[in-house]
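The sequence lines fix the lettering, A, B, ..., with proteins before strands; numbering per chain opens at 1. What you see is a predicted model; the values in this text were computed from it and never measured.
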There are 2 protein chains.
Amino acid sequence: MKPLSDYEQKHDRLADDCPVRAALDVIRGRWKPSILFELKSGRKRFSDIQSALPEVTAQALTVQLRQLEADGIVNRKVFAEVPQRVEYSLSKHGRALSNVMDALEKWGIEHQKKQAVTEGEAAEPV
Amino acid sequence: MKPLSDYEQKHDRLADDCPVRAALDVIRGRWKPSILFELKSGRKRFSDIQSALPEVTAQALTVQLRQLEADGIVNRKVFAEVPQRVEYSLSKHGRALSNVMDALEKWGIEHQKKQAVTEGEAAEPV
DNA sequence: CAGCATCCTACGCGATACTG
DNA sequence: CAGTATCGCGTAGGATGCTG
């Protein structure tokens, strides 16, 4: 049995029987969707990701990447070079997320389009 | 028109071209997945949802439901009776979320199962 | 280059008490 | 019954400065 981190334990209490929440917890971070998107096109260095996402501070990026790593979504490989090089890539689990991301994206597009037209169906029959 | 806080503006600016984040924002709340699950089986009263989810306080439940309503996910219908009755149901958009929820659930199950086996693929070729 | 340490604030959300 | 009002804490994540 794998020991849970503090972070995981707290979420776990509520995630209980709910794999949905478990999945959400994993992709929940502010920049994680963007990171996953970036890594879909292949391995990337830290600095590559950073310049692709200029609004993320290095600190935030580090944290998010480390959480993704802890969750088994990305692999982190350090090269003992000077200057240092670190590459991130999607793990198998990370790649398996593409279904989820696609569903989210698809719904997001639909939803944004139709958000203004949500009246007139206040109480449908069950 | 509702004025956005600095945070929301920033968030919005970033969500911009990202329907994925838009979708995530909608289902992100602590209890929203559970609520959506409850409403999948049809219209429910506030108290029904509450007893189905004993860990949620009335306050939290109200907030989450109101956010879902604001996002066009659920419909809220008030009956002018005594005692008062309020029923919630999924809107069309809410029902359209089932694909997303299914993908999340499926991945969640897979992920939980295999989380311990994520070694040995640290640096795959791009 | 790719971080870590520290400080700080906004937001989510729980607890509690009151109301039409 | 189905909320609202108020308080208070915990956490995510931004800003800044330092390092192997």
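We find that CG of B/L68 is positioned 13 Å from P of C/dG12, with the value rounded to whole Å. Atoms CD (B/E69) and C1' (D/dA2) sit 13 Å apart, rounded to a whole Å. Between B/R85 atom CZ and D/dG3 atom P the separation is 13 Å, expressed in whole Å. As a whole-Å value, the separation of B/K44 NZ from D/dA2 P is 14 Å. Distance CG (A/L65) to P (C/dC1): 16 Å, rounded to an integer number of Å. Here the P atom of nucleotide D/dC1 and the CD1 atom of B/I49 are 14 Å apart, to the nearest Å. Going from atom CD1 of A/I35 over to atom P of D/dA12 covers 15 Å, rounded to whole Å. Atom C1' of nucleotide D/dG13 and atom CZ of A/R66 are separated by 17 Å, given to the nearest angstrom.
Using a 4.0 Å cut-off between charged side-chain N and carboxylate O, A/K40 and A/E38 make no salt bridge.
Between A/Q64 and the phosphate of D/dG13, there is a side-chain N or O to OP1/OP2 separation shorter than 4.0 Å. Proximity of A/S47 to the phosphate of C/dC1: no side-chain N or O atom is located under 4.0 Å from OP1 or OP2. For A/R28, no side-chain nitrogen or oxygen approaches OP1 or OP2 of D/dA12 to under 4.0 Å. Taking only side-chain nitrogens and oxygens, A/R76 never comes nearer than 4.0 Å to OP1 or OP2 of C/dA2.
Using a 4.5 Å cut-off on side-chain heavy atoms (C-beta onward), B/L39 and B/S89 make no contact. Counting heavy atoms from C-beta outward, A/W107 and B/L97 have side chains that approach closer than 4.5 Å.
Considering only the side chain of B/F46, D/dA2 comes nearest among C/dG3, D/dG13, D/dA2. Nearest nucleotide to the side chain of B/W31, out of D/dA2, C/dG14, C/dG3: C/dG14. The side chain of B/Q59 approaches D/dT4 more closely than any other nucleotide in the set D/dA2, C/dC13, D/dT4. For B/T57, the listed nucleotide lying nearest its side chain is C/dA15; candidates were C/dA15, C/dG3, D/dT4. Listed candidates were D/dT4, D/dG13, C/dC1. Nearest to the side chain of A/R45 is C/dC1.
No N or O donor and acceptor, one from the side chain of B/Q84 and one from the base of D/dG3, sit under 3.5 Å apart.
Looking only at atom types and distance, the side chain of A/K44 has a donor-acceptor partner in the side chain of A/S41 under 3.5 Å away.
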Item to check | A/R21/B/W31 under side chain to side chain contact (heavy atoms under 4.5 Å, CB included): CA gap, chis, key distance, verdict | outcome: CA-CA 9 Å; A/R21 178 140 45 213; B/W31 303 106; 4.1 Å; yes
